[in-house]
Amino acid sequence: MPLFKSQDEHFWRNISTHVVLIIVCTALIVWLLPSKQARIFNFEIGKPWMGEMLIAEFEFDVLKSDDDINQEKAKQRKEYEPFFKLNPSVEREMAEIVIDSLSKRSDNLANPEIRHLVRSKIHDVYQKGVISQDDFYTLLRDSNQHVRIINDKGFTTKSIGEVLSADAAADTIRHPLESQEETSLAISNLYIELKPNLIYETEINEKGLAEAENVPTLERKVSLGEQIIDRGIKVTEEKARAINAYKDALTKHDTSQSSWKPLAGQSIYIMLLLALFTAYLLLFRKKYFNKLRNIMLLYSLIVLFPILTSLMMRYMVLSVYILPYAMVAVFVSIFLDTRTAFVTHITMVLICALAVNRQEEFIILQMTAGMAAIYTLRDMSKRSDLFKAAFMTVLCSFIMLFALSLIHDKFILPASRGPYMHFVVSGILLLLTSPLMFVVEKLFGFTSSITLLELSDTNKNLLRRLSEVAPGTFQHSFTVANLAAEMAKKMDADSQLVRTGALYHDIGKMANPVFFTENQANVNPHEKLSEKESASIIINHVSEGLRLAEQYDLPDIIKNFITSHHGTGVVKYFYVKYKNNHPDEEIDEEAFTYPGPNPMTREQAILMMADTVEAASRSLNEYTEESLSELINRLIDNQVNAGYFSECPITFLDIATAKQVLLENLKSIYHTRIKYPELKKE
């Protein structure tokens, strides 16, 4: 009863951990998701609109651009007609000043006719209107064509050519007087500084200019249901203003509306997908469900890419299609299995779709790329397979996008730049999986098939040393590796893993190689030892193997083969011998028992069967199909009956397959032949 209670507690603890993990992942993804505006309004002026048709959900105003408004203001300022106030007393004042100045220079100014001439010239000038020199230059610079003159009756409008600057007015007076004999001498060196009779009205003009700059900012109104832009249409400046205006209107509209609904919907969406993914692990991959490193890898990959997608959409840096989403499928295929890779990839892509624009297209393209990667890497045996996977993902993405463009009647040539180039970049980035595998292995404690392949190189380090120190053990390990790999293939297990584990399972024998029969040459050192001492040396090859594995930094998954290939079995030869020599003694079986544990995986069980049968087959007197079959059945059945496989998920069908593979391969190794019939004598 306590055992079941402990298992129940462990199960519910795992469930609680997953629930917390789902909530944390959901909160993180939702927090970083871009707003609706960031997702919809990702565009560039001068390029085609890549989103779906944009329809106004409500009426809104499109405002003029700042440049247009500033241009209109400048135009209004240039066209503004300034106000000047007429001061009639200036004419009389200036007439007296000019005549007085001339009188001091010539006696002829006493003549009434001459005085009348001077006054008439001054009168003519001031009738046109005199403006200060600075104001006149300002009018010319601003290209004003008219001025408005305020008088007692209101105001009159004159063109700039009808009024005079102070200097021009003085010249107008001077020129006719210089032609008169009576006044020529007096006027020749006289500087006439005329006061303007048209005074710039600062207060009135400031108000007028302010009103002139008050230009309307509204460009047009967009009605409810009006099309703003459609997919494929070039985004012009005018279209961009309408799109941005709609974006701002949406922001205000969303702010005025309740904001909890979108967040609630996003949270439910993500939590449901993560819950379904967790349910898959619980129902179909419980071995992953119960291992923290597996869970951390899977959830890290599922969360990482939605975060990257959200950041790219939020800040609109580059197209999300350059992200190598297929990397998720590749990693899970390499470290776990293809079925889990497919489910993980689906979950990740569906979550990422929340952050992008064309969700249906995104899902279709990324699902295609993921499936291409999974199918290409179904049996990864070398790093160059990643290049094939990258090529296939790019090729399938090209074909699918081309097909979608035909379906939507938006024909896009594969040779054109744009989306197709994004897939090429994504394929190049997918090659980063190779160096990143090392990081994942160190972070999460996984061992990739590439690492296993490198470890199985018999010319390197530990295996080369094994071949030199214990050649018999090396040959035994090599034969067992081949047998176990063949068994794993037939049983649909990890053949590369069991092969590598088999090559290292007996490395501990290097500590005392001559104490193992495969390394002996007509000398058996056990003859000088007691049964317990011999058993201790034999058993110690497991602990010695574990020590060497630690020294050479072998992965934990390989260490497990070293500790489990004998399970908790007994060193039967010395145990039986000791029991025969001490019939009346109560035997301590622990002195003759391997520390274990028993196999926990199908691969470890395969190695145990292959190791036991291969070693025992060397002791047969004759190698016939019957003798080999009897040996294989007896040894494996004894292991089953002893409960060595009770803790691993191996089936009776697997065991039957293993027996058949062992028989066929041992027959080939020992060259068994059929018995020829003898000729009967008459």
N-O pairing of [X] and [Y] below 4.0 Å:
X      : Y      : answer
Arg547 : Glu550 : no
Glu518 : Lys509 : yes
Asp492 : Arg602 : no

Between His541 and Phe516 (judged by ring centroids, cut-off 6.0 Å), do the two rings come close enough to count as a pair?
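Between Phe516 and His541, which both carry aromatic rings, the centre distance is below 6.0 Å.
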Looking only at the aromatic ring of each residue, does the gap between the centers of His422 and Tyr321 stay below 6.0 angstrom?
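Not close enough - the centres of the two rings lie 6.0 Å or further apart.
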Return all side-chain donor-acceptor pairs below 3.5 angstrom for residues 427-439, not counting sequence neighbours, or 'none' if the list is empty.
| unit_1 | atom_1 | unit_2 | atom_2 | d |
| --- | --- | --- | --- | --- |
| Thr433 | OG1 | Leu430 | O | 2.6 |
| Ser434 | OG | Arg383 | NH1 | 3.2 |

Non-neighbouring partners of Ser629 that pass side-chain contact (heavy atoms from CB on, under 4.5 Å), sequence neighbours left out
Asn633, Leu663
Do side-chain atoms of [X] reach the backbone of [Y] as a donor and acceptor pair under 3.5 angstrom?
X      : Y      : result
Asp611 : His566 : no
His505 : Ala502 : yes
Asp385 : Thr376 : no
Thr393 : Ala389 : yes

Approximate separation, where rounding is to 0.5 Å, of [X] [atom1] and [Y] [atom2]:
X      : Y      : atom1 : atom2 : result
Asp337 : Arg285 : CG    : CZ    : 4.0 Å
Thr657 : Met487 : OG1   : CE    : 9.5 Å
Thr347 : Phe305 : OG1   : CZ    : 14.0 Å

Return the minimal non-hydrogen interatomic distance between [X] and [Y], and the atom names on each side.
X      : Y      : answer
Ser426 : Leu323 : OG-O, 3.2 Å
Leu607 : His565 : CD2-CB, 3.9 Å
Leu503 : Leu466 : O-CD2, 4.0 Å

On the 0 to 90° scale, with breaks at 30° and 60°, tag the Tyr325-Phe362 ring pair as parallel, tilted or perpendicular.
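Answer is perpendicular, since the angle exceeds 60°.
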For Phe446, check ring-ring contact (aromatic ring centres under 6.0 Å, His included) against everything at least two apart and list the hits.
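Here the qualifying residues are Phe335.
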Are Arg499 and Phe478 in a cation-pi setup, meaning NZ or CZ lies under 6.0 angstrom from the ring centre and within 45 degrees of the ring axis?
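Cation-pi check for Arg499 and Phe478: passes.
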In a check of side-chain contact (heavy atoms from CB on, under 4.5 Å) between Ile636 and each of Thr612, Ile655, Leu631, Asn641, which one passes?
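So the option named by the test is Ile655.
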